Amino acid sequence: MVMVGTNDGVIRLWKNVHESPQLVTGFRTLSDSHSPQHKRRSGLVFDWNQGNGQLMTSGDVPIIRVWDVERELSIQDIPTGTETTCITSLRHQPNSSKDSIVVAGCGDGAVRMFDIRCSQKNGVTAVLGGHTGWILNATIPAGNIHTVASGDTEGDVKFWDIRATNSPRNSWNVHKGEMTSFAVHDYIDVFCTGTQNQKIRIGSSKDGKELNSIRYHDGLILGQRIGPVCSLAFHPYKEILAAGATDSIISMYRAL
């Protein structure tokens, strides 16, 4: 099954996507009546756990809304304290009790952690600072559930231990204010970054060193520069990286 979200706050769930796609359900997860105080908007941001059917949604609203997808029922609203900014990424902690730990990247450069088991007024458990740009992605690798990895538009990449959040465990500046996407592999110690200047950089999560870089397409369009990178994603287990660019081309690479 595949879940797709759009900036009007609507989620749609599809099945049989490899043969004859069929729409299973669709519903509005967030109201479009909220008028944010900030100029730049993130649109709808969500994280879905297909195993237990729990969906978390946010974006240009000062809440994280938790849904039971099977019942299409909103079960909890968590205030985020982000009235003057927006949520740019959401990720639950894999294997946590009922997805209780959630990490959210924000447009003001903060990474906020929430425990949905706490009272609705006290959901924020930690604020990870140090970034100066819009958070592109803040995530918890499935193979290292005590680590938060975050990357921002200024080219800064940080790795945190959620048990000691006063300062990052590792911090590197991998680009000079041009980063457009950031992803971390769940089980291999690598991360990747993409830029507007048509480059993908693959680095080590241990020391930040560059392991590989991609500037050109291989195969059918040999020698052509890749487009400005807008999205990156690793295969859950394999050393495979998918990259989307603004020239409407999606490419897949062996990362190492």
Side-chain angles (χ1 to χ4, degrees), residues 4-7 36 38-47 58-60 82 85-91 103-112 128-141 148-160 168 170-186 188 190-205 208-218 221 224-235 239-256:
V4 179
T6 51
N7 283 342
H38 45 89
K39 294 181 179 180
R40 185 177 180 182
R41 299 192 176 196
S42 61
L44 176 65
V45 176
F46 68 94
D47 184 39
S58 190
D60 299 313
T82 57
T85 186
C86 56
I87 301 295
T88 60
S89 70
L90 278 177
R91 171 69 167 166
V103 59
C106 302
D108 60 1
V111 177
R112 291 172 168 85
L128 313 182
H131 284 287
T132 57
W134 175 286
I135 300 296
L136 296 167
N137 189 19
T139 186
I140 303 176
V148 172
S150 55
D152 69 24
T153 53
E154 295 300 311
D156 292 322
V157 171
K158 299 181 186 294
F159 284 79
W160 312 75
N170 292 307
S171 179
W172 309 288
N173 183 263
V174 297
H175 298 287
K176 299 298 181 183
E178 59 185 29
M179 203 158 84
T180 54
S181 53
F182 170 71
V184 179
H185 199 286
D186 277 334
I188 304 172
V190 295
F191 67 89
C192 64
T193 57
T195 71
Q196 185 71 20
N197 292 339
Q198 300 165 277
K199 179 182 177 181
I200 297 171
R201 180 187 188 275
I202 299 170
S204 167
S205 300
K209 292 182 179 179
E210 184 174 305
L211 302 176
N212 197 2
S213 65
I214 301 167
R215 291 181 179 271
Y216 297 91
H217 290 291
D218 293 329
I221 43 180
Q224 177 181 334
R225 283 290 298 272
I226 64 173
V229 182
C230 59
S231 61
L232 293 167
F234 280 108
H235 187 279
E239 299 174 357
I240 296 176
L241 172 67
T246 58
D247 59 3
S248 302
I249 294 177
I250 298 174
S251 307
M252 296 183 68
Y253 306 94
R254 187 164 297 279
L256 297 175

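The figures here come from the full heavy-atom set of this structure, side chains too, leaving out hydrogens, waters and symmetry mates. Throughout, residue positions are numbered sequentially from 1 according to the sequence presented. In this text the structure is predicted, and so the values were computed from the model without any measurement.
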**Request:** Step by step, work out the side chain to side chain contact (heavy atoms under 4.5 Å, CB included) result for L136 and T153.
**Result:** CA-CA 7 Å; L136 296 167; T153 53; 3.7 Å; yes
**Request:** Show your reasoning for whether side chain to side chain contact (heavy atoms under 4.5 Å, CB included) applies to Y216 and Q198.
**Result:** CA-CA 9 Å; Y216 297 91; Q198 300 165 277; over 6 Å; no
**Item:** Verdict with reasoning, N212 to Y253, per side chain to side chain contact (heavy atoms under 4.5 Å, CB included)
**Value:** CA-CA 11 Å; N212 197 2; Y253 306 94; over 6 Å; no
**Asked** Hey, mind stepping through W160 and V103 against side chain to side chain contact (heavy atoms under 4.5 Å, CB included) and telling me if it holds?
**Response** CA-CA 12 Å; W160 312 75; V103 59; over 6 Å; no
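With contacts defined as side-chain heavy-atom distances shorter than 4.5 Å, the pair C192/I202 qualifies. The shortest side-chain heavy-atom distance between I87 and C106 falls under the 4.5 Å cut-off. Proximity of I188 to F234: side-chain heavy atoms (C-beta onward) are nowhere separated by under 4.5 Å. For the pair I249 and Q224, the minimum side-chain heavy-atom distance is below 4.5 Å. A 4.5 Å side-chain heavy-atom check between K158 and V111 finds every atom pair outside the cut-off. Put simply, the side chain of L241 does not reach to within 4.5 Å of the side chain of V190, judged on heavy atoms.
Here the side chain of N173 pairs a donor or acceptor atom with the backbone of E154 at under 3.5 angstrom. Proximity of a side-chain donor or acceptor of S58 to a complementary backbone N or O of V45 within less than 3.5 Å is not detected. Side chain of D60 to main chain of G43: a donor-acceptor pair is present (N/O by atom type, distance under 3.5 Å, no hydrogens or angles). Looking only at distances, no side-chain donor or acceptor of S204 sits under 3.5 Å from a matching main-chain atom of K209. Listed for the T88 side chain is no donor-acceptor partner under 3.5 Å among the backbone atoms of S42. Of the possible polar contacts, none joining the D152 side chain to the W134 backbone as a donor-acceptor pair under 3.5 Å is found. Between the side chain of H235 and the main chain of A242, no donor-acceptor pair closer than 3.5 Å is present.
When all heavy atoms are compared, the tightest approach of I226 to H217 is CA-NE2, 3.6 Å. The two residues G5 and L44 make their nearest non-hydrogen contact at CA-CD2, 3.8 Å. In this structure, A149 and F159 approach most closely via the heavy-atom pair CB-CE2, 3.5 Å. Looking at every heavy atom in both residues, K199 comes nearest to S213 through CE-CB, 3.9 Å. Of all heavy-atom pairs between I135 and S89, the closest is CG2-OG, 4.4 Å. Here the closest non-hydrogen pair linking L232 and A243 is CD2-CB, 3.6 Å.
Atom CG of D47 sits about 6.5 Å away from atom CG of L90, to the nearest 0.5 Å. Note that NZ of K176 is 13.5 Å distant from CG of N197, once rounded to the nearest 0.5 Å. Taking OG1 from T85 and CZ from R112, the interatomic distance works out to 7.0 Å, rounded to the nearest 0.5 Å. From S251, atom OG reaches atom CD1 of I214 across 8.5 Å, with rounding to the nearest 0.5 Å.
A tilted orientation is assigned to the rings of F191 and F182, their planes being inclined by 30° to 60°.
Listed by first then second residue, pairs satisfying salt bridge (Lys or Arg N to Asp or Glu O under 4.0 Å) with a partner in residues 245-256 number zero, not counting sequence neighbours.
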